Protein chains: 2
Amino acid sequence: MNIAEVAKAAGLPAKTIRYYEDIGLIQPKRSENGYRAFAEADLHKLAFVGRARSLGFSIVECRALLALYEDRARASGDVKALAVTHLAQIRAKIVELRAMEATLADLVHACSGDHRPDCPILRGLSQPGSGDPQ
Amino acid sequence: MNIAEVAKAAGLPAKTIRYYEDIGLIQPKRSENGYRAFAEADLHKLAFVGRARSLGFSIVECRALLALYEDRARASGDVKALAVTHLAQIRAKIVELRAMEATLADLVHACSGDHRPDCPILRGLSQPGSGDPQ
DNA sequence: CTTGACCTTCCCGTCACTGGAACCCCCATA
DNA sequence: TATGGGGGTTCCAGTGACGGGAAGGTCAAG
């Protein structure tokens, strides 16, 4: 398979696939003309990484997941540990975003949004209190 | 004020303040020795930007907010429009993260996490269905 | 033989900083 | 006067995960 076909099948841009080869996530063979020649296994790995990325795993985490994926003697506990850590990061991010959302929604709610210059949003941003209190 | 004092007062790293000058968010004067000499107004602008950043506004958005902040003839509607757009982005991100969270939580829940190699998480990642269905 | 769709590599740009090197300035103390 | 330490300055490179685009090689069809 050439890169366009694999890209379509894996749902990834060709650029991304080249990048993944660049950083060593996959090692497709080459045809005589220099084109990348992808095997079924390459496609599976790319689709796997694509799904892991869509769940928010970083490339480093994907590399680890891929190693576990390919290790028939893996312990599922190792996979779960990775996933649990990532899940915690996602939840922390959600908490952070919800705090932003709450503050911002309050400010937006308080602002009349008309032609007049008085603006509770700008007032909120210019006074301590809406910033991160660490 | 020198940069360290302003950094402490605004709650921003000195590096960040230099960066903000670099991209034109602030224009502090210079002392004869070449040191940045910050006025109160600079400090206020930095604190303002710091709070906007902590609410997730991008630098581009901060620049726009700062311009409105400094424009006494602004319409609060312009500020509100910016904030509403940003709020929508935050909410979209939250929705995205919650979808990730749900999928990942399911997978984690299904995985025994022991020494055995069988792993529903890896199975989930290797089969279509948990990826972004676009 | 040409056209157009592929493929290749390479380099720069993104975003908002962060780290580090190399160097300058100012004050206090021995 | 030397020196030491704690400011400050600039500039360069790296981060993560690609994306855009240039310059050029390859392949199949008409």
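Numbers restart at 1 for each chain; the letters A, B, ... are given by sequence-line order, proteins then strands. Because the structure is predicted, anything quoted here is derived from the model rather than measured.
Distance alone, capped at 3.5 Å, places no donor-acceptor pair between the B:R51 side chain and the B:L55 backbone. In this structure, A:T16 contributes its side chain and A:L12 its backbone to no donor-acceptor pair below 3.5 Å. The closest donor-acceptor contact from the side chain of B:E61 to the backbone of B:S58 lies under 3.5 Å. Between the side chain of A:R18 and the main chain of A:D22, no donor-acceptor pair closer than 3.5 Å is present. The main-chain N or O of A:I3 is never found under 3.5 Å from a side-chain atom of A:R36 such that the two would form a donor-acceptor pair. At least one donor-acceptor pair closer than 3.5 Å links the side chain of A:K80 to the backbone N or O of B:C111.
Between B:R98 and B:E101 there is no salt bridge, since none of the side-chain N atoms of the basic residue sits less than 4.0 Å from a carboxylate O of the acidic one. Between A:R123 and A:D118 there is a salt bridge, since at least one side-chain N of the basic residue sits less than 4.0 Å from a carboxylate O of the acidic one.
Using a 4.0 Å heavy-atom distance criterion, B:F57 is classed as making no nucleic acid contact.
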Under 3.5 Å, which N/O atoms of the protein pair with N/O atoms of nucleotides 24-27 of chain C?
none

Protein N or O to nucleotides 13-15 of chain D N or O, pairs below 3.5 Å:
none

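Residue B:Y20 places at least one side-chain N or O under 4.0 Å from the OP1 or OP2 atom of C:dC17. The shortest distance between the side-chain N/O atoms of B:R36 and the OP1/OP2 oxygens of D:dT10 is below 4.0 Å. Taking only side-chain nitrogens and oxygens, A:R53 never comes nearer than 4.0 Å to OP1 or OP2 of D:dG16.
Note on the helix from C:dC1-D:dG30 to C:dA30-D:dT1: terminal axis deviation equals 40°, with five pairs used at each end and the result rounded to 10°.
For the segment residues 2-18 of chain B, residues with any heavy atom less than 4.0 angstrom from an atom of DNA chain C are, sorted by number, B:P13, B:K15, B:T16.
Per the geometry, OH belonging to B:Y19 stands 15 Å off P belonging to C:dG19, to the nearest Å. Rounded to an integer number of Å, the gap from CG of A:D22 to C1' of D:dG19 is 14 Å. Atom CD1 in B:I23 sits about 17 Å away from atom P in D:dC11, given to the nearest Å. We find that CD1 of A:I59 is positioned 9 Å from C1' of D:dC18, with the value rounded to whole Å.
Looking at residues two or more places apart in sequence or on another chain, you find a ring pair (Phe, Tyr, Trp, His ring centres under 6.0 Å) between A:Y69 and A:F48. A search for side-chain hydrogen bond (donor to acceptor under 3.5 Å, both in side chains) contacts involving A:T85 returns nothing, not counting sequence neighbours.
Rounding to the nearest 0.5 angstrom, the gap separating the CG atom in B:L46 from the CG atom in B:L25 is 8.5 Å.
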Test side chain to side chain donor-acceptor pair (under 3.5 Å) on B:S76 and A:D114 and set out the steps.
CA-CA 6 Å; B:S76 67; A:D114 55 23; 3.3 Å; yes
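The heavy-atom pair separating A:I26 from A:K45 by the smallest distance is CG2-CB, 4.2 Å.
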